[in-house]
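Both ligands and their constituent atoms are indexed starting at 1 by order of listing.
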Amino acid sequence: MKTRRDFLKTSAGAGLSAAAVAGAQPLMGAPAILLRRNSPVAVASSNGLESVATAVGVVEGGGDTLDAVVQGVNPVEMDPNDTSVGYGGLPNADGTVQLDSSVMHGPSRGAGAVAALEGVKMPSRVAVDVMRHTDHVLLVGKGAQRFAISMGHPIEELLTERARRRWIEWRARMSDRDDYLTAEESGYPPPPPPPEDEGDEVDLFDSHDGVRPHGTINCNVVNREGDLSGVTTTSGLAWKIPGRVGDSPIVGAGLYVDNDVGACGSTGRGEAVIKTCGSHSVVELMRAGMAPQDACLEALRRVVRFCVAPRLQDEQGRPNFNVNYYAVNKNGEYGGAAIWSGAGFAVCVAGDARREDSAYLFERSG
Ligand code: GLY
């Protein structure tokens with residue numbers, strides 16, 4: 001029997017080429033999707049308008065699909081003003097920023113992920129390194145950070161002044177039985193806001209979609225050849241219990257890519273997506289023949305069926321949180337859907353990057 005070392009010797013250290021993988025037996029159950037796409041398509045969460053344009057630009061220039069989506073999300077990870085992703089993300093309950101990310105490369109069937117990673121501004125790049133340089137899929141916590149250092153990633157402070165101030169205000173408002181004072185309770189005039197915060201109203205307990213602030217970016221692309229890749233990256237739920245891991249770095253939950261079928265990623269309440277294997281469900285529904293938007297809606301109905309705890313329901317028994325899916329199939333057909341109306345997603349088709357409304361299960365009143 002050949003060892004891995006023998007294999008590496010005979011292949012001169014090269015990994016499996018996409019062509020070699022493509023020549024393998026097709027997956028059982030893969031649908032006969034006719035390729036009728038004539039341009040690359042990228043789809044992303046609504047904060048990914050520039051990301052989809054970048055991703056399509058990279059694959060149009062002959063670049064790899066995974067490089068395309070990672071390059072697409074890197075500026076969002078580096079943006080100190082985006083408090084839901086990478087540098088500048090809102091911290092956990094201890095005031096430490098912990099990041100989650102996963103990547104999947106369709107042609108090589110590769111996957112890599114990191115969770116609860118501290119000190120690295122672009123966790124998606126570490127996820128790529130896990131995929132490229134290890135036989136593992138997911139590294140977490142201190143081990144993920146040691147691995148990142150070994151790959152040359154600098155360790156930096158990720159907590160910006162804006163995120164730190166929001167965290168101390170949240171901590172002070174948690175209870176009136178502890179010794180932390182809110183700005184009103186202290187009696188002193190509050191310090192001037194950091195310049196980037198001026199005019200920026202943020203509810204520390206409730207974001208626009210009815211849950212504690214948390215955001216994420218997901219971006220998926222299909223090129224002219226029908227090859228797909230995807231990435232999801234986030235700072236996760238604001239004020240989370242240290243060590244909490246959401247759906248974003250869980251392959252099959254916050255991201256799934258099957259090069260025979262399509263790609264999907266998610267944003268929103270990660271616990272609900274993990275319990276229903278969300279992105280994997282969407283891809284399997286597309287494999288069975290559903291259009292991307294319909295597949296997203298059906299996977300969201302599963303989220304609703306799993307939402308039986310009263311603490312997670314509104315007065316009509318519906319989820320009091322949101323989940324969003326973004327999907328593209330091998331044909332370049334795409335769609336986005338959310339539990340609640342009012343959500344959107346970014347898409348780039350034929351060089352035109354735009355936002356579109358997501359389909360939804362329930363209409364928000366008011
Ligand atoms: N969907 C991001 C999270 O729950 O962490």
Side-chain angles (χ1 to χ4, degrees), residues 43-48 51 73 76-77 82-94 96-104 113-118 123-124 127 138 140-141 144 158 163 167 205-220 230-256 263-282 296 299-300 302-303 306-307 309 311-312 319-327 336-340 343-346 358:
V43 64
S45 42
S46 61
N47 52 350
S51 312
V73 300
V76 183
E77 293 179 308
D82 187 319
T83 55
S84 70
V85 178
Y87 176 52
L90 294 175
N92 64 21
D94 287 348
T96 303
V97 180
Q98 292 188 322
L99 304 178
D100 297 339
S101 180
S102 61
V103 298
M104 290 190 79
V114 288
L117 173 63
E118 296 175 15
S124 65
L138 173 61
V140 307
L158 303 188
W167 167 63
F205 295 90
D206 199 355
S207 69
H208 65 280
D209 62 359
V211 290
R212 272 218 314 279
H214 68 6
T216 300
I217 185 163
N218 162 252
C219 185
N220 312 294
V231 60
T232 303
T233 178
T234 189
S235 53
L237 183 64
W239 336 129
K240 59 194 171 186
I241 296 173
R244 178 264 189 187
V245 171
D247 56 324
S248 305
I250 308 296
V251 166
L255 178 69
Y256 199 67
C264 177
S266 65
T267 62
R269 183 179 157 81
E271 284 74 8
V273 177
I274 294 172
K275 284 196 229 173
T276 52
C277 301
S279 294
H280 180 261
S281 297
V282 172
C296 293
L300 290 168
R302 295 181 186 181
V303 171
F306 267 65
C307 180
R311 74 176 193 285
L312 298 174
N320 59 16
F321 57 84
N322 212 353
V323 167
N324 305 264
Y325 289 123
Y326 318 96
I339 296 176
W340 289 99
F345 64 96
S358 296

Student: Of all the heavy-atom pairs spanning Leu158 and Tyr87, show the shortest one and how long it is.
Tutor: O-CD1, 3.6 Å
Student: Check each atom of ligand 1 against the heavy atoms of Gly268 and keep those under 4.0 Å away; list them by number with element.
Tutor: 1 (N), 2 (C), 3 (C), 4 (O)
Student: With sequence neighbours excluded, what pairs up with Ser281 under the side chain to side chain contact (heavy atoms under 4.5 Å, CB included) test?
Tutor: Cys277, Ala299, Arg302
Student: Check ligand 1 against Gly246 and write out every atom of the ligand that is under 4.0 Å from a heavy-atom position of the residue.
Tutor: 5 (O)
Student: Numbering the atoms of ligand 1 from 1, which are under 4.0 Å from a heavy atom of Gly270?
Tutor: 4 (O)
Student: Do Glu118 and Thr96 meet the criterion of a side-chain donor-acceptor pair at a distance under 3.5 Å?
Tutor: no
Student: For Tyr256, which residues count as a ring pair (Phe, Tyr, Trp, His ring centres under 6.0 Å) partner, sequence neighbours excluded?
Tutor: His280
Student: Thr216 heavy atoms, cut-off 4.0 Å: which ligand 1 atoms fall inside?
Tutor: 1 (N), 2 (C)
Student: Should one rank Arg269, Glu271, Arg244, Lys240 by closest heavy-atom distance to atom 4 (O) of ligand 1, which comes out on top?
Tutor: Arg244
Student: Determine the minimum heavy-atom distance between Gly265 and Thr232, stating which atoms define it.
Tutor: CA-OG1, 4.5 Å
Student: May I ask you to check whether Asp100 has an N/O atom sitting below 3.5 Å from an N/O atom of ligand 1?
Tutor: no
